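Every value quoted in this text rests on a predicted model; they were computed, and no experiment measured them. Numbers here are sequence positions counted from 1.
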Amino acid sequence: MGGNVYPMYLKELVYYRRLDRWPNWLMFLCIVPLFAPLAFSQNPTVGGKTSENLEKLETAREANDRITQLAQTAAVQQGDYAIGGGDLLNIEVFDVPELSRDVRVNESGFVSLPLVPVKIHAAGLTSFQFQDKVAELLQTNGLVNSPQVTVTIKERHSEPITVIGAVKAPLVVQAVRQMTLLEILSQAGGIADDAGSQIIITRPARPADPNAASASDIPSKATTITIDLNDLLDSGDSKYNVPLMGGDIIRVPRAGVVYAVGAIQHPGGFVMQNDRQQMTVLKLLSLSGGLASSAKPHDAIILRRNADTGARQEVPVDVNKILTLKSEDVALNQSDILFVPDSTGKKAFRRTGEIAIGLATGVSLMRLGR
């Protein structure tokens with residue numbers, strides 16, 4: 001159905017509603033499936049993703065199950081241990097005892113060998129890759145013809161990898177091998193219920209060694225890498241499962257949550273993707289399945305926290321007017337609670353706010369995924 005057809009179709013729905021031919025619940029069943037794409041189009045792109053990417057709902061537990069499964073798969077595909085700063089290596093050059101020795105990898109990731117005019121970059125390489133590199137340098141510098149080099153790692157010393165923010169168990173890991181983002185998230189117990197959709201990796205500055213042959217391989221400034229959680233879990237592209245380095249800090253920011261409670265088909269809290277995502281009353285109703293048949297949409301309220309006092313304020317909202325296009329859709333803020341009272345309830349209206357907060361406390365949180 002094209003965009004130009006919406007207004008005509010909506011006018012017909014509203015016309016029949018004014019004639020009292022349709023009850024509220026039937027009106028909602030017709031108008032929400034039609035209007036939901038429009039609700040999403042108010043914020044057509046979130047981090048480069050269209051509304052079509054935001055229709056899948058899942059709990060944090062379901063997301064964490066996928067993190068664990070993908071981390072196990074990635075671990076099976078992992079190669080050998082990658083050399084890191086502080087590691088003690090034994091380099092054995094067959095039949096050349098003058099060049100055979102133990103060497104310590106410095107904090108910049110380099111080692112020195114006698115008679116070799118440059119420092120050798122070792123960090124990030126496996127022992128097999130490093131021994132091939134040493135053999136090549138010995139031969140190209142005319143030190144040994146057809147060298148046979150063996151490298152073994154005698155001590156592993158890695159900097160910590162830190163995980164903070166909206167994860168189940170923030171931790172510090174002393175990585176004795178190369179680890180990936182999925183592995184670290186899995187070790188942290190997965191994401192928390194209110195985790196946002198982005199993962200931020202902060203990589204500290206590492207001074208380059210001006211005497212090294214490949215000093216440009218080491219970043220000279222601190223860097224920040226931002227990974228979208230949906231890309232990590234759904235794309236199947238290994239580039240999002242970033243290999244981590246000692247000193248990395250992984251932070252999962254917390255996201256805002258909006259709640260729909262009361263006479264709602266599927267009451268719950270809905271985690272917003274990030275601070276820029278706009279949630280509205282209509283979008284929230286669409287995500288929560290719409291109104292229950294006993295709902296009193298005219299008497300709905302939004303409980304909104306006052307930024308200065310922290311107290312909850314009641315903001316009346318006529319959901320029925322929004323559904324019948326007599327009123328504009330209402331934007332929601334983080335931590336807002338949309339409460340739709342039940343016509344069968346016996347509670348006093350002056351206690352509506354207390355009831356809504358109590359209901360919101362016990363609901364499950366759902367994430368918007370793909």
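Put simply, the side chain of R312 reaches to within 4.5 Å of the side chain of S335, judged on heavy atoms. Side-chain atoms of F130 and I91, non-hydrogen and from C-beta on, do get closer than 4.5 Å to each other. At a threshold of 4.5 Å between non-hydrogen side-chain atoms, the residues P243 and M245 do not count as touching. Side-chain contact between D237 and D231 is absent, with no heavy-atom pair separated by less than 4.5 Å. When side chains are defined from C-beta on, V317 counts as touching L338, because their heavy atoms get closer than 4.5 Å. Inter-residue side-chain proximity for T223 and I201 is flagged as unmet; no heavy-atom pair is nearer than 4.5 Å. Put simply, the side chain of L171 does not reach to within 4.5 Å of the side chain of I161, judged on heavy atoms. Taking the side chain as every heavy atom from C-beta outward, L323 and V319 approach each other to under 4.5 Å.
In this view, N306 and D308, T309, Q313 satisfy the side-chain contact (heavy atoms from CB on, under 4.5 Å) rule, not counting sequence neighbours. Evaluation of the side-chain contact (heavy atoms from CB on, under 4.5 Å) rule for Q129 yields L125, T126 as partners, not counting sequence neighbours. A search for side-chain hydrogen bond (donor to acceptor under 3.5 Å, both in side chains) contacts involving E155 returns R104, not counting sequence neighbours. Remark: S294 engages D342 in a side-chain hydrogen bond (donor to acceptor under 3.5 Å, both in side chains) (not counting sequence neighbours). Take N64 and apply the side-chain hydrogen bond (donor to acceptor under 3.5 Å, both in side chains) test, not counting sequence neighbours, and it matches no residue. Applying the side-chain contact (heavy atoms from CB on, under 4.5 Å) rule to A166 yields the partners A192, D194, A195, V252, R254; only residues at least two apart in sequence or on another chain are considered. Residues that satisfy the side-chain hydrogen bond (donor to acceptor under 3.5 Å, both in side chains) test with N90, not counting sequence neighbours, are D102. Applying the side-chain contact (heavy atoms from CB on, under 4.5 Å) criterion to E62, with sequence neighbours excluded, gives E58, T59.
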Run the side-chain contact (heavy atoms from CB on, under 4.5 Å) check on F270 and L284 step by step: do they pass?
CA-CA 8 Å; F270 297 88; L284 183 59; 3.4 Å; yes

Under the criterion side-chain contact (heavy atoms from CB on, under 4.5 Å), I'd like the reasoning laid out for L89 against I153: C-alpha separation, chi angles, the key distance, then a yes or no.
CA-CA 5 Å; L89 310 179; I153 301 172; 3.8 Å; yes

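Heavy atoms only, all atoms of each residue included: K296 and S343 are closest at CD-CA, 3.3 Å. Contact record, I302 with V281: CD1-CG2, 4.2 Å, taken as the closest heavy-atom pair. For L113 against L99, the heavy-atom pair with the smallest separation is CD2-O, 4.3 Å. Contact between V271 and A255 at its shortest, heavy atoms only, is CG1-CB, 3.8 Å.
Apart from I164 itself, the hydrophobic cluster it occupies contains I249, where clustering links Ile, Leu, Val, Met, Phe, Trp and Tyr at side-chain heavy-atom distances under 4.5 Å.
Under a hydrophobic clustering in which Ile, Leu, Val, Met, Phe, Trp and Tyr are joined whenever their side-chain heavy atoms come within less than 4.5 Å, directly or via other members, V330 and L287 fall into the same cluster.
Sorted by first then second residue, the salt bridge (Lys or Arg N to Asp or Glu O under 4.0 Å) pairs that include residues 330-341, not counting sequence neighbours, are R304-D336.
In this structure, D234 pairs ionically with R66, as a charged nitrogen and a carboxylate oxygen lie closer than 4.0 Å.
Each of D228, L232, L233 was evaluated against N230; a single residue qualifies, D228, per the side-chain contact (heavy atoms from CB on, under 4.5 Å) test.
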